[in-house]
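To start, the structure itself, in structure tokens.
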Protein chains: 2
Amino acid sequence: MPKPVRRTQAERIEVTRNKLLESAARGFSTYGYGNVRLDDIARDAGYTRGALYHLFAGKEELALAVIDWVSRTWRAEVGEPAEAIADPAERLVWTAQAHARYCRKDVAAVLMSLRVEFAGRDHAVAHALTELMEPLKATVAKVITRGRRVGSIPPGPPPRALASAYLGALEGVTAAVGGPPHDVALTARAVRGVLGLPNPS
Amino acid sequence: MPKPVRRTQAERIEVTRNKLLESAARGFSTYGYGNVRLDDIARDAGYTRGALYHLFAGKEELALAVIDWVSRTWRAEVGEPAEAIADPAERLVWTAQAHARYCRKDVAAVLMSLRVEFAGRDHAVAHALTELMEPLKATVAKVITRGRRVGSIPPGPPPRALASAYLGALEGVTAAVGGPPHDVALTARAVRGVLGLPNPS
DNA sequence: ACACATACATACATGCCTGTATGTATGATG
DNA sequence: CATCATACATACAGGCATGTATGTATGTGT
């Protein structure tokens, strides 16, 4: 018996919460919001639904918490570091590559999975997702506009449409390729093409 | 009262079947396989579940029929015409553009929607989808290989990985852009980038 | 025109999953 | 160490969607 370590309540709850969030992310990502059973999520994390309902009000709140959790880590690992890059074109390409690396963690796919499932629906999860994507798209559009003013991104379709395509290419390619060793290079290729940048070769 | 036209049984059943398939495609695409209710699908087509269960063994068979139905129209409108184009690079770019136009019909999104929902699961629908995508990916890989031999596609990542990225970019961009007037141009940009082709400018 | 088959509607039964209420064990406080 | 609070498990209840069985109307063969 591996010694019943005495943990403080705050520690216990944080450990449990994180385990549940991770299992939930995997569950939502693999089975979808509607198909996954809370029992599976809890059991996968090593608990029962009792723990889950103690920490989250229900399935919907759990999904919202997962979205918040994943988007936080995304910002930390992809969004924030990208802001250090001055040149707009470089920054967008770097972001794409960082996103591809980020998506190697299986939990990352949960955002795309949920977005597809809730696309065009009136649901709290759907609203959370659009409130997450909308500013991101706006930011990308702004970077594109700046890039064109500076001359590092060639002219073409309107920035907002281009931003949508950029994000779509990002997710589509990373999801389809599904990991190393070519995910980063191929994602970069795709977004370069979308932005109208020449391939570096 | 609009005259009770006397239709033959074969006609009745075909009309009904098609209406149900179209509603099912919309339903699966909007709500997902697990979330949509067969009652909604039937009612949307102007029938009840009675008609649905008379024509299809159940939800699963309905989904399989929808997949078959959509893939047929895709082949007719995108796959087959593309084969007329000799040059490999041109053919792949044209296919992407034709796919973008094809996706303007709302029912087209059903394949991507189902693929995301069933990705990595052991389910009859999942198998049907992989059996549909696998040959397609193989074909694209072959065209890429030929294109490189001929010199119309530059060297780069292995053909299979490139084919995955090509299809991912295709779906990602069309789904994200979501229609005219820029869908075709942006999709072409993305796949050109993935394939390593120079942008025509 | 009659009996039969089939397209489709309505009514019923079953199972599963969410949500809630209750119970138990472990950590906190005096 | 005794009492309380909290993390988590187990037990119960309700709803909702699938699937099935039965009923009705429309087309078909003789």
Side-chain angles (χ1 to χ4, degrees), chain A residues 1-24 27-28 30-66 114 117-118 121 123-125, chain B residues 1-24 27-28 30-66 114 117-118 121 123-125:
Chain A
M1 192 150 166
K3 187 191 192 183
V5 274
R6 185 177 176 92
R7 273 196 287 250
T8 179
Q9 298 276 60
E11 286 173 341
R12 274 181 79 180
I13 220 172
E14 188 176 335
V15 168
T16 307
R17 205 183 134 88
N18 282 339
K19 280 188 186 171
L20 285 172
L21 282 173
E22 189 174 331
S23 290
F28 287 137
T30 307
Y31 298 99
Y33 179 87
N35 297 323
V36 78
R37 290 167 300 196
L38 292 183
D39 188 60
D40 289 349
I41 291 176
R43 205 159 297 277
D44 182 63
Y47 298 89
T48 68
R49 289 186 322 147
L52 212 161
Y53 273 95
H54 178 64
L55 285 169
F56 304 94
K59 199 177 192 179
E60 191 174 300
E61 278 235 353
L62 177 63
L64 295 175
V66 166
L114 290 175
E117 183 169 1
F118 286 100
R121 278 211 275 164
H123 190 285
V125 172
Chain B
M1 190 146 167
K3 187 194 195 180
V5 273
R6 184 178 178 93
R7 273 197 286 252
T8 179
Q9 299 274 59
E11 286 173 340
R12 277 181 76 181
I13 220 171
E14 187 176 337
V15 168
T16 307
R17 205 183 134 88
N18 283 338
K19 281 187 185 171
L20 285 173
L21 281 173
E22 189 173 331
S23 290
F28 287 138
T30 307
Y31 299 98
Y33 179 87
N35 297 320
V36 78
R37 289 168 301 198
L38 292 182
D39 188 61
D40 289 349
I41 291 177
R43 205 159 298 276
D44 182 64
Y47 298 88
T48 67
R49 290 186 318 138
L52 212 160
Y53 274 96
H54 178 63
L55 286 169
F56 304 93
K59 200 177 193 180
E60 190 174 301
E61 278 236 353
L62 177 63
L64 295 175
V66 166
L114 289 176
E117 184 169 0
F118 287 99
R121 278 212 273 165
H123 191 284
V125 172

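By convention in this document, chain letters (A, B, ...) are assigned in the order of the sequence lines, proteins followed by strands, and residues within each chain are numbered from 1.
Nearest heavy atoms, B:Leu20 versus B:Ala42: CD2-CA, 4.0 Å. Minimum interatomic distance between A:Ala65 and A:Phe56 (heavy atoms only, all atoms of both residues): CB-CE2, 3.7 Å. The two atoms that bring B:Asn35 and A:Gly34 nearest to each other are OD1-CA, 3.2 Å, heavy atoms only.
Closest contact between the side chain of B:Thr48 and the listed nucleotides C:dA9, C:dT18, D:dA9 involves C:dA9. Looking at the side chain of A:Arg37, the nearest of the listed nucleotides D:dT10, C:dT18, C:dC8 is C:dT18.
Residue B:Val36 is in sugar-phosphate contact alone, with no base atom involved, counting any heavy-atom pair closer than 4.0 Å across all strands shown.
A salt bridge is absent between A:Arg43 and A:Asp40; no separation between the charged side-chain nitrogens and carboxylate oxygens falls under 4.0 Å.
Nearest-nucleotide positions on DNA chain C place B:Leu55 closer to the 5' end than the other of A:Ala57 and B:Leu55.
Here the C1' atom of nucleotide D:dT18 and the CG atom of A:Asn35 are 14 Å apart, to the nearest Å. Spacing between atom CZ of A:Arg49 and atom P of C:dA21 amounts to 14 Å, rounded to whole angstrom units. Between the CG atom of A:Leu52 and the P atom of C:dC17 there is a distance of 15 Å, rounded to whole Å. One interatomic measurement links the two molecules: CG of A:Leu20 to P of D:dA9, which rounds to 9 Å at whole-angstrom precision. The distance from atom OH of B:Tyr47 to atom P of C:dA9 is 8 Å, rounded to the nearest whole Å. Per the geometry, CZ belonging to B:Phe56 stands 16 Å off C1' belonging to D:dG19, to the nearest Å. Rounded to an integer number of Å, the gap from B:Arg17 CZ to C:dT6 C1' is 16 Å. For B:Ile13 and C:dC8, the CD1 to C1' distance is 10 Å, given to the nearest whole Å.
For the OP1/OP2 pair of C:dC8 and a distance below 4.0 Å, the side-chain nitrogens and oxygens of B:Thr16 include at least one atom meeting the criterion. Applying the 4.0 Å criterion to OP1 and OP2 of D:dA7, one finds that A:His54 has a side-chain N or O inside that range.
At least one cation-pi condition fails for B:Lys19 and B:Tyr47: the charged atom is not both under 6.0 angstrom from the six-membered ring centre and inside a 45 degree cone around its axis.
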